[in-house]
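By convention in this document, chain letters (A, B, ...) are assigned in the order of the sequence lines, proteins followed by strands, and residues within each chain are numbered from 1.
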Number of protein chains: 2
Amino acid sequence: MKPTWLHALMRLDCGPIASSDKLAQEVGTSQQTASRWLFLLRKEGMIQKDRDYRITQNGATYLSQLKKNHPAALSGRVFSGVGEGKYYLSKPGYQDQFSGLLGFEPYPGTLNLRIKEPQSMQASRRLRQNPGLRLDGFKEKERTFGPARCYPCRIRANKKTANGAIIVPERTHYPEDVVELLSPVFLRKALGVKDKDALRLELI
Amino acid sequence: MKPTWLHALMRLDCGPIASSDKLAQEVGTSQQTASRWLFLLRKEGMIQKDRDYRITQNGATYLSQLKKNHPAALSGRVFSGVGEGKYYLSKPGYQDQFSGLLGFEPYPGTLNLRIKEPQSMQASRRLRQNPGLRLDGFKEKERTFGPARCYPCRIRANKKTANGAIIVPERTHYPEDVVELLSPVFLRKALGVKDKDALRLELI
DNA sequence: ATTACTATGTTTCGAGTAA
DNA sequence: TTTACTCGAAACATAGTAA
């Protein structure tokens with residue numbers, strides 16, 4: 001399974017590169033082939049050369065369409081967590097970032113969803129590969145609070161809809177069958193859901 | 001710029017697909033070629049077929065590594081450096097940070113790895129784009145010691161495993177085919193390795 | 001140092017078609 | 001219906017090398 005020009009483009013998407021030879025080594029092909037790819041990619045307007053070779057807006061757009069990584073939807077059932085979310089949301093270090101990032105002040109508590117369907121599992125896995133909106137980490141005295149990622153979504157249940165966001169801690173390897181939700185409103189009340197009720201998330 | 005098998009894999013990453021013909025239409029190639037790709041991808045363990053064709057964990061990992069994230073693994077061979085690592089590790093300005101950051105006191109010396117395989121080169125390159133764990137820089141009399149980044153990993157050789165971390169100076173553009181390792185133990189002894197022996201790193 | 005040409009060998013493609 | 005074979009044609013990769 002040889003590397004292809006798409007590998008080269010994806011490499012360029014991660015950062016500029018100095019020469020065809022360097023690219024060749026990194027993707028595992030010959031200098032000549034790398035040179036040809038760079039030429040063709042340039043002809044297509046996917047990359048440009050100034051000092052180094054770098055991806056253009058065009059190329060980046062092409063890739064992001066290919067990745068189409070955002071799953072469209074994802075569903076699961078409500079369950080009661082240990083109330084950790086509430087604790088984290090109370091930290092000013094995080095709080096200060098929400099408005100700017102999500103456009104709302106979250107209700108001080110998260111709603112937990114457990115996923116069962118394989119399709120949604122896959123969606124959850126794919127979701128975590130996206131950068132999403134980054135919530136920076138911070139330090140507070142002795143304790144370190146890591147960065148997290150947010151994915152805005154629409155939350156539906158009982159023919160009602162609320163806005164919100166999935167929040168995923170960046171470092172800790174949270175189980176992939178669990179999804180934690182933020183929202184400006186108290187979701188259990190706004191949607192009229194209780195434990196074991198089904199929710200549907202539409203990513204935006 | 002024809003589509004390649006990678007396009008097919010990326011399409012599969014977005015969701016399962018029913019037949020070679022469907023795939024062919026979606027990525028823009030012939031049914032025969034799609035069929036061949038599906039066969040090859042299955043042989044590589046990147047996809048599986050139950051009812052539909054769908055990507056495997058393996059394939060998803062391959063893609064996510066290509067896209068941006070932490071490389072899962074990286075391998076190279078031990079070589080003897082100039083012993084600079086030892087000097088840096090002896091500085092209290094760094095020493096004081098290790099426990100908090102990595103959860104161990106490093107053995108006073110680093111193990112150097114030289115990377116050859118293109119795949120690992122790519123992994124190394126990608127690794128450096130991640131923030132990792134930041135080791136702050138400091139000043140000592142006249143000399144300035146820059147910040148560095150640490151990437152915790154498991155280190156394997158000879159069926160033995162040790163914990164450790166890759167350490168990368170932040171400013172100096174260290175060659176990307178060299179990786180420097182910290183560990184609470186003396187790795188050469190703990191793993192029974194000497195110059196030119198192969199090591200495998202699993203990032204965590 | 002880097003790029004990219006030519007020439008040659010190798011791989012991949014896809015129409016036709018069988019299973 | 002779908003998958004996958006054959007085989008001539010087309011595309012591609014790479015060594016050598018010039019610029």
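- Atom CG in A:L23 sits roughly 13 Å away from atom P in C:dT2 (whole-Å rounding).
- Between the CZ atom of A:F39 and the P atom of C:dC5 there is a distance of 7 Å, given to the nearest Å.
- Distance A:W5 CH2 to C:dT12 P: 17 Å, rounded to the nearest Å.
- Residue pairs meeting the ring-ring contact (aromatic ring centres under 6.0 Å, His included) criterion with at least one partner in residues 2-61 of chain B, sequence neighbours excluded, are A:W5-B:H7, A:H7-B:W5.
- Following rounding to the nearest Å, A:R42 (CZ) and C:dT2 (P) show an atom-to-atom distance of 15 Å.
- Remark: B:R143 qualifies as a cation-pi partner of B:F145 under the 6.0 Å distance and 45° angle criteria applied to the six-membered ring.
- Taking atom NE2 on B:H7 and atom P on C:dC13, their separation rounds to 12 Å, with Å as the unit.
- Residues satisfying the side-chain hydrogen bond (donor to acceptor under 3.5 Å, both in side chains) test with B:D136, not counting sequence neighbours, are B:R134.
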Hey, can you pull the donor-acceptor pairs under 3.5 Å for the side chains in residues 20-29 of chain B, sequence neighbours left out?
| from | atom 1 | to | atom 2 | distance (Å) |
| --- | --- | --- | --- | --- |
| B:S20 | OG | B:Q31 | NE2 | 3.4 |
| B:E26 | OE1 | B:R11 | NE | 2.4 |
| B:E26 | OE2 | B:R11 | NH2 | 3.4 |

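- Note on A:D195 versus A:R114: no salt bridge recorded, every NZ/NE/NH1/NH2 to OD/OE distance being 4.0 Å or above.
- B:K91 pairs by the side-chain hydrogen bond (donor to acceptor under 3.5 Å, both in side chains) definition with B:E140, not counting sequence neighbours.
- In this structure, the CG atom of A:L41 is 13 Å from the P atom of C:dA4, given to the nearest Å.
- Here C:dT3 presents its C1' atom at 13 Å from CD1 of A:I47, a figure rounded to the nearest Å.
- Inter-axis angle, ends of the helix from C:dT2-D:dA19 to C:dA19-D:dT2, five pairs per end, rounded to 10 degrees: 50°.
- Nucleic acid contact class of B:K49 (heavy atoms, under 4.0 Å, all strands): sugar-phosphate only.
- Shown here are the salt bridge (charged side-chain N to carboxylate O under 4.0 Å, His left out) partners of B:R77, two or more places apart in sequence or in another chain: there are none.
- Applying the side-chain hydrogen bond (donor to acceptor under 3.5 Å, both in side chains) criterion to A:R156, with sequence neighbours excluded, gives A:T161, A:E202.
- Every residue two or more places apart in sequence or in another chain was checked for a side-chain hydrogen bond (donor to acceptor under 3.5 Å, both in side chains) with A:R51, and none qualifies.
- Using a 4.0 Å heavy-atom distance criterion, B:S35 is classed as a base contact.
- Going from atom CG of A:L38 over to atom P of C:dC5 covers 13 Å, rounded to whole Å.
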> How does protein contact run along nucleotides 6-19 of chain D, one letter per nucleotide 5' to 3', with B for base contact, S for sugar-phosphate only, - for none, heavy atoms under 4.0 Å?
Replying inline: -----SSBBBB---
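- Within the 4.0 Å cut-off from OP1 or OP2 of D:dT3, at least one side-chain nitrogen or oxygen of B:Y53 is found.
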